[in-house]
Amino acid sequence: MLLVAARRLATAADSKRPKQDVLGRVVFGSLVAVTGGLAAWQAQRYYWKCELVESRKRMLAAEPRALESVLEHEPSPSEFTRVVVRGRLDHAHQMLVGPRSPPAGSPPGPEIHSGWLVFTPLHSDTGPSVLVNRGWVPRDRVDELELPRGEVTIEGVVRASEEPGSFALPNDPERGNYFWIDVPGMALDAELFESVPLLVEATSKPGEPGRGFPRTRPTSTLLSFRVEPTMHLVYSGTWATLCVASTVLVAMRFR
């Protein structure tokens, strides 16, 4: 009796094994496919980011041109196009966006902590009115902002709106709270009704961001990314290693 029962149990176990093997192959095979796909995706991101860096280098290496001249050939200038704008700053409609960290290249000092980006409309007699990101100021030194009067000349680059993160708070113009850059919305709040909603970020030469406020961002730092190209290679290598390891495990388990 015991021998018969043992044989029945062995037969039942053998009948379940093919099903378990199929399920195992599906699970571990999916793991191989996913890790391999992620490795390929990160490699593709690396080459895309390298092309983006080269494209941005070419744009930032170009000589800045008067905004009116740029708009004649390109009604909607590409981001990072270098331009020069001239006009009068409308400090009455100044907006502070943040909090933000100080720009790269800022000189060390006790004032280096979080602060605001200063946005001011600029009205021109020869071209459209635009919104200008004049630079960064510490939270507790807003009263030290330089407020130039009369006509000013600002060299910078065309910038676009930011993509708010999943947890970003909504801007609240009525209370003067701006947490992320929304060019059309901020242009409307600045009463730039008849102008193309265009943002120019003021820039400075490397090593010359200035010690006053607002503090502009050096042009060279515009080549920085949250995820640099080399990190995509690191991610790709990590996923590729997991893919190879998973393949070996699957081969050893189900050969």
Let me have the donor-acceptor pairs involving side chains of residues 60-67, under 3.5 Å, with sequence neighbours excluded, atom names and distances please.
none

Only pairs under 3.5 Å count here: list side-chain donor-acceptor contacts from residues 86-93, not counting sequence neighbours, and write none if there are none.
residue, atom, partner, partner atom, Å
Arg88, NH1, Asp125, OD1, 3.4
Arg88, NH1, Asp125, OD2, 3.2
Asp90, OD1, Ala92, N, 3.3
Asp90, OD2, His93, ND1, 2.7
His91, NE2, Pro148, O, 2.9

Partners passing side chain to side chain donor-acceptor pair (under 3.5 Å) against [X] (at least two apart in sequence or in another chain):
| X | result |
| --- | --- |
| Gln42 | His232 |
| Arg100 | Glu162 |
| Asp189 | Tyr178 |

Hydrophobic clusters join Ile, Leu, Val, Met, Phe, Trp and Tyr when side-chain heavy atoms are under 4.5 Å apart, directly or via other members; which others share one with [X]?
| X | answer |
| --- | --- |
| Trp180 | Leu169, Phe179 |
| Trp41 | Val34, Leu38, Trp239, Leu242 |
| Leu52 | Trp48, Val53, Phe225 |

Can you check whether [Y]'s main-chain N or O pairs, donor with acceptor, with [X]'s side chain at less than 3.5 Å?
| X | Y | answer |
| --- | --- | --- |
| Ser236 | Ala39 | yes |
| Arg139 | Pro99 | no |
| Arg134 | Glu146 | yes |

Using every non-hydrogen atom in the two residues, find where [X] and [Y] come nearest and quote the distance to one decimal.
| X | Y | result |
| --- | --- | --- |
| His123 | Ser129 | ND1-OG, 2.9 Å |
| Leu71 | Pro128 | CD1-CG, 3.4 Å |
| Pro121 | Leu131 | N-CD1, 4.0 Å |
| Cys50 | Pro229 | SG-CB, 4.0 Å |
| Arg159 | Arg217 | NH1-NH1, 3.9 Å |

What pairs with Arg226 under side chain to side chain contact (heavy atoms under 4.5 Å, CB included), at least two apart in sequence or on another chain? none
Sorted by chain and residue number, the side chain to side chain contact (heavy atoms under 4.5 Å, CB included) partners of Asp172 (sequence neighbours excluded) come out as Glu174, Arg175, Asn177
Under a single-linkage definition using a 4.5 Å side-chain heavy-atom cutoff for Ile, Leu, Val, Met, Phe, Trp and Tyr, are [X] and [Y] assigned to the same hydrophobic cluster?
| X | Y | value |
| --- | --- | --- |
| Met95 | Phe213 | yes |
| Leu96 | Val183 | yes |
| Val132 | Val70 | yes |
| Val83 | Leu122 | yes |

State the [atom1]-[atom2] distance between [X] and [Y], to the nearest 0.5 angstrom.
| X | Y | atom1 | atom2 | value |
| --- | --- | --- | --- | --- |
| Thr203 | Glu155 | OG1 | CD | 5.5 Å |
| Thr219 | Glu201 | OG1 | CD | 9.0 Å |
| Thr230 | Tyr46 | OG1 | OH | 8.0 Å |

Please identify which of these residues, Asn133, Val84, Val157, Val85, meets the side chain to side chain contact (heavy atoms under 4.5 Å, CB included) condition with Val200.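 Of the listed options, the one satisfying the test is Val85.
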Check Asp182, Ile181, Val118 against Val97 for a side chain to side chain contact (heavy atoms under 4.5 Å, CB included) and give me the one that passes.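 Among the candidates, only Ile181 passes.
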Any heavy-atom pair between the side chains of Met186 and Leu192 that's under 4.5 Å? no
Does any part of the side chain of Val158, heavy atoms only, come nearer than 4.5 Å to the side chain of Ser78, both counted from C-beta? no
Sequence neighbours left out, what pairs pass salt bridge (charged side-chain N to carboxylate O under 4.0 Å, His left out) with at least one residue falling in residues 35-52? none
For residues 66-77, pull every pair meeting salt bridge (charged side-chain N to carboxylate O under 4.0 Å, His left out), keeping only residues two or more places apart or in separate chains. none
